[in-house]
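To keep things clear, I will list the structure first and then write my remarks on it.
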Protein chains: 2
Amino acid sequence: MRKTFLFLDTIINKVDAKGRVSLPSDYRAIVKELGSEIVCYRSLTAPCIEGCLEDSLEKLATDIENSTDFFSETQDDLTNLIFGDAKRFTFDSTGRIMLTEKLLQYAQIKESAVFVGKGRKFQIWSAENWVKEEQRLREKVKQNRPTLKPEGEN
Amino acid sequence: MRKTFLFLDTIINKVDAKGRVSLPSDYRAIVKELGSEIVCYRSLTAPCIEGCLEDSLEKLATDIENSTDFFSETQDDLTNLIFGDAKRFTFDSTGRIMLTEKLLQYAQIKESAVFVGKGRKFQIWSAENWVKEEQRLREKVKQNRPTLKPEGEN
DNA sequence: TGGTATAACATGGTATTTTATGGGAATCAA
DNA sequence: TTGATTCCCATAAAATACCATGTTATACCA
């Protein structure tokens with residue numbers, strides 16, 4: 001993966017009656033620039049959709065392949081879940097993707113979808129769930145500041 | 001990151017009705033020279049906006065990628081908070097960036113923004129809050145001079 | 001050193017482009 | 001045919017680039 005990229009920011013977009021959502025323009029730019037595709041799957045740990053570049057899943061596959069932990073059953077199971085669940089999404093000329101019923105239901109998304117950048121990947125939340133989640137995270141930070149020092153290195 | 005750079009000085013610029021602010025010219029020079037971009041997010045520890053180069057976040061993303069596995073819970077929470085809040089800011093031909101409502105509100109910035117250099121990053125304060133903060137810092141130094149030794153850098 | 005010319009900068013305003021989003025037609029599949 | 005998916009067009013709003021001006025800082029010269 002030569003070029004670097006980051007999925008950033010938190011953006012709220014509407015989901016219309018057909019299930020279409022605009023992918024944030026920044027995200028689109030990344031996909032175009034890298035000539036890759038967006039892949040989405042149900043998060044294994046939270047009630048949200050998770051997305052990344054197809055390249056990232058490629059990397060995951062390779063990592064598993066080369067893993068010294070040949071017998072890691074857990075990892076194996078998890079990857080099965082992800083690869084089995086993941087689906088490629090292309091956006092139309094206006095930048096929209098069409099999420100599936102399965103994904104929308106799992107994330108409890110109705111009218112609006114919240115895109116949350118995570119660096120190499122991103123998540124899509126329902127408005128309600130994201131409010132709660134962000135609150136939880138900020139709460140956690142307050143009580144555990146030491147582990148969160150992105151500034152410290154360099 | 002080959003080239004070195006430092007965000008320095010304290011500079012007050014006006015914020016217009018649209019939320020536009022001139023990025024200090026020194027900062028602009030750094031961004032240009034390194035071919036990077038400015039990224040801003042709400043400080044986790046103070047009522048101010050924090051900014052850095054996208055390169056710094058890139059490095060963080062890579063570190064996280066390499067230090068924890070794909071399914072790590074720590075990675076999950078961390079990345080949500082940092083990357084979800086961070087936003088890329090490009091400046092126009094006159095050197096201005098457009099800060100978002102969210103950031104301005106969090107830092108309680110109305111008409112003027114105070115840019116404070118912090119080396120590898122910088123902060124943006126409201127005029128009022130910065131006065132207080134600087135006072136607090138100087139007060140702290142006076143009473144705690146011994147701790148100002150090489151080890152305690154930041 | 002003092003004064004002036006020049007360049008850089010901050011800042012207000014305006015124009016242009018991009019983006020999100022709704023709706024409809026065309027295409028495809030069950 | 002019916003339902004769904006893709007493609008295309010239209011529009012309003014928001015983001016961005018561009019232009020103009022006064023001010024400050026810098027360079028230059030006597």
Side-chain angles (χ1 to χ4, degrees), chain A residues 6-33 37-40 49 51 87-105 109-117 122 124-127 130, chain B residues 7-33 36-41 49 51 54 85-105 109-117 122 124-127 130:
Chain A
L6 287 178
F7 292 115
L8 296 178
D9 209 356
T10 297
I11 282 163
I12 305 177
N13 282 340
K14 281 195 181 173
V15 182
D16 71 12
K18 298 181 193 175
R20 295 180 300 184
V21 207
S22 284
L23 196 66
S25 61
D26 286 359
Y27 295 11
R28 264 144 53 195
I30 291 171
V31 175
K32 275 191 192 170
E33 194 167 350
E37 302 258 15
I38 290 289
V39 168
C40 293
I49 303 168
K87 180 168 160 45
R88 198 175 297 116
F89 288 89
T90 58
F91 48 85
D92 62 22
S93 59
T94 62
R96 282 180 290 200
I97 58 176
M98 226 180 81
L99 296 170
T100 63
E101 249 330 292
K102 184 175 80 174
L103 291 176
L104 291 172
Q105 274 194 7
I109 294 172
K110 278 151 268 168
E111 295 143 21
S112 52
V114 184
F115 291 80
V116 183
F122 61 89
I124 314 176
W125 291 76
S126 77
W130 173 244
Chain B
F7 292 115
L8 296 176
D9 209 355
T10 297
I11 281 161
I12 305 177
N13 282 340
K14 278 196 184 175
V15 182
D16 71 13
K18 298 184 197 169
R20 294 183 300 184
V21 209
S22 283
L23 197 67
S25 60
D26 286 358
Y27 295 12
R28 264 143 53 194
I30 292 171
V31 175
K32 275 191 191 168
E33 193 166 350
S36 190
E37 303 259 15
I38 290 290
V39 166
C40 293
Y41 51 94
I49 302 168
E54 188 170 356
D85 203 50
K87 181 166 162 50
R88 200 175 296 115
F89 289 89
T90 59
F91 46 85
D92 63 21
S93 57
T94 63
R96 281 180 293 198
I97 57 175
M98 219 178 85
L99 294 172
T100 63
E101 251 325 295
K102 185 176 82 173
L103 291 175
L104 291 172
Q105 274 193 8
I109 294 172
K110 278 151 269 169
E111 295 142 20
S112 52
V114 184
F115 291 81
V116 184
F122 61 88
I124 314 176
W125 291 77
S126 77
W130 174 242

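In what follows, chains carry the letters A, B, and so on, assigned in the order in which the sequence lines appear, proteins first and then strands, with residues in each chain numbered from 1.
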What contact category does A:Ser22 fall into here, base, sugar-phosphate, or nothing, at under 4.0 angstrom with non-hydrogen atoms?
base
OG1 (B:Thr90) and CE (B:Met98) are apart, to the nearest 0.5 Å, by 10.5 Å
Whole-Å distance, A:Phe91 CZ to D:dC7 P, equals 12 Å
Per atom distances to the B:Arg28 side chain, the nearest of D:dA15, C:dA10, C:dA20 is C:dA10
Practice item. For the residue pair A:Phe122 and A:Phe7, categorise the inter-ring angle as parallel (less than 30°), tilted (30 to 60°) or perpendicular (more than 60°). Key: perpendicular
Whole-Å distance, A:Asp92 CG to D:dC9 C1', equals 12 Å
Nearest heavy-atom contact between B:Val116 and B:Tyr27 is C-OH, 3.8 Å
Taken to the nearest whole Å, CZ/B:Phe89 to P/D:dA17 is 14 Å
The answer to which of A:Thr90 and B:Ser93 contacts DNA chain D further toward the 5' end, by nearest nucleotide, is A:Thr90
OP1, OP2 of C:dC9 versus side-chain N and O of B:Ser25: anything below 4.0 Å? yes
- Looking only at atom types and distance, does a side-chain atom of A:Asn13 sit under 3.5 Å from a main-chain N or O of A:Ser22, one as donor and one as acceptor? yes
Taking it one step at a time, do A:Leu99 and A:Val21 satisfy side-chain contact (heavy atoms from CB on, under 4.5 Å)? CA-CA 8 Å; A:Leu99 296 170; A:Val21 207; 3.8 Å; yes
In whole angstroms, the gap separating P of C:dA20 from OH of A:Tyr27 amounts to 11 Å
inquiry  = Check the orientation of B:Trp130 and B:Trp125. Use parallel for under 30°, tilted for 30 to 60°, and perpendicular for over 60°.
reply    = tilted
For nucleotides 22-28 of chain C, 5' to 3', base contacts (B), sugar-phosphate-only contacts (S) and non-contacts (-) with protein non-hydrogen atoms under 4.0 Å give BBB----
